[in-house]
Amino acid sequence: MDPSPVDVEIEDIAHGLARVARWNGQTTGPHAFSVAQHSVVVEALCVHLEPRLDPRSRLLALLHDAPEYVVGDMISPFKAVLGDSYKAVEARLAYAIHARFGLPAETPASLKRLIKKADNICAWFEATQLAGFSEAESDRFFGHPPRGLTMQLEPQPTEEAQSDFIARTVALIAEMEAPAKRKKA
């Protein structure tokens with residue numbers, strides 16, 4: 001209940017998120033669409049929506065669901081029933097994760113809005129392509145994606161989702177560290 005940043009490892013986050021299924025696993029195909037894969041797509045959508053997004057903000061986007069490596073992915077109505085106690089646990093985990101990677105304790109409000117927009121776009125495509133929702137139903141829950149934005153989601157095997165999540169994290173951390181290395185040189 002009191003996570004420490006020193007206990008947070010990206011391999012553990014990736015391992016857990018690659019095994020946590022979005023939509024409680026109620027999707028088509030031989031593999032679940034994992035939270036790890038979802039997170040990589042959301043980060044890419046944030047860059048699509050805001051091309052000049054800095055690496056630190058992109059890492060915050062990638063890690064937007066990272067606490068779920070411990071608590072799992074609960075559907076929104078269930079989170080609402082659990083209320084503040086669930087949110088408090090999730091927030092403590094997020095703070096520890098952010099501290100571990102040198103990120104701000106709380107995601108800035110403007111970035112939170114961008115991540116939420118990207119999250120809803122991803123959820124719309126997940127719903128229509130993988131979870132059996134109609135476009136009209138998805139529009140009601142998530143809003144319609146921006147005109148002209150298309151993507152084809154294909155759930156990955158666990159190992160691939162885990163590997164992609166780690167690779168993206170490592171790349172973003174390297175980008176964050178690059179300016180500091182140039183200053184030293």
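These figures come from a predicted structure and were not determined experimentally. The analysis underlying the following values was restricted to heavy atoms, covering all of them including side chains, and did not include hydrogens, waters or symmetry mates.
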Measuring from atom [atom1] of [X] to atom [atom2] of [Y], what distance do you get when rounded to the nearest 0.5 angstrom?
| X | Y | atom1 | atom2 | result |
| --- | --- | --- | --- | --- |
| His98 | Arg56 | NE2 | CZ | 11.5 Å |
| Leu17 | Thr158 | CG | OG1 | 12.0 Å |
| Glu11 | Gln162 | CD | CD | 9.0 Å |
| Glu135 | His144 | CD | NE2 | 5.5 Å |
| Ser39 | Asp119 | OG | CG | 8.5 Å |
| Thr27 | Leu153 | OG1 | CG | 10.5 Å |

- Query: According to the interplanar angle, ranging from 0 to 90°, do the rings of Phe133 and Phe142 count as parallel (below 30°), tilted (30 to 60°) or perpendicular (above 60°)?
  - Reply: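 It falls in the tilted class, 30° to 60°.
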For residues Thr169 and Ile13, determine if any side-chain heavy atom of one lies less than 4.5 Å from a side-chain heavy atom of the other.
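The answer is no; the side chains never approach within 4.5 Å.
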Review point. With a cut-off of 6.0 Å (strictly less than), are more than 12 heavy atoms of other residues, nucleotides or ligands near CD of Glu154?
Key: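 Not more than 12 within 6.0 Å, no.
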ILVMFWY network linking [X] to [Y], side-chain heavy atoms under 4.5 angstrom:
| X | Y | value |
| --- | --- | --- |
| Val70 | Leu103 | yes |
| Val47 | Ile173 | no |
| Val42 | Val170 | no |
| Trp124 | Leu149 | yes |
| Leu111 | Tyr95 | no |

Looking at every heavy atom in both [X] and [Y], which two are closest together, and how far apart are they?
| X | Y | result |
| --- | --- | --- |
| Glu43 | Ala61 | CA-CB, 4.2 Å |
| Leu45 | Ala118 | CD1-O, 3.5 Å |
| Gln129 | Met151 | NE2-O, 2.6 Å |
| Ala14 | Phe165 | CB-CD2, 3.6 Å |
| Pro155 | Thr28 | CG-O, 4.2 Å |
| Ser138 | Thr128 | OG-CG2, 3.2 Å |

### Task
Determine the sole option in Leu114, Leu63, Ile115 for which the side chain to side chain contact (heavy atoms under 4.5 Å, CB included) test with Thr107 is passed.
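Testing Thr107 for a side chain to side chain contact (heavy atoms under 4.5 Å, CB included) against Leu114, Leu63, Ile115 leaves exactly one candidate, Ile115.
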Between [X] (side chain only) and [Y] (backbone N and O only), is there a donor and an acceptor less than 3.5 Å apart?
| X | Y | result |
| --- | --- | --- |
| Arg58 | Cys46 | no |
| Gln37 | Gln156 | yes |
| Arg168 | Val40 | no |
| Asn24 | Gln26 | no |

Strictly by ring-ring contact (aromatic ring centres under 6.0 Å, His included), give each pair with a member in residues 51-73 just once, sequence neighbours left out.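 Every pair satisfying ring-ring contact (aromatic ring centres under 6.0 Å, His included) with a residue in residues 51-73: His38-His64.
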Passes side chain to side chain contact (heavy atoms under 4.5 Å, CB included), Glu126 versus Cys122? Steps please.
CA-CA 6 Å; Glu126 292 170 23; Cys122 189; 3.0 Å; yes
Of all residues at least two apart in sequence or in a different chain, which pass the ring-ring contact (aromatic ring centres under 6.0 Å, His included) check with His48?
->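 Scan of His48 (ring-ring contact (aromatic ring centres under 6.0 Å, His included), adjacent residues dropped) gives none.
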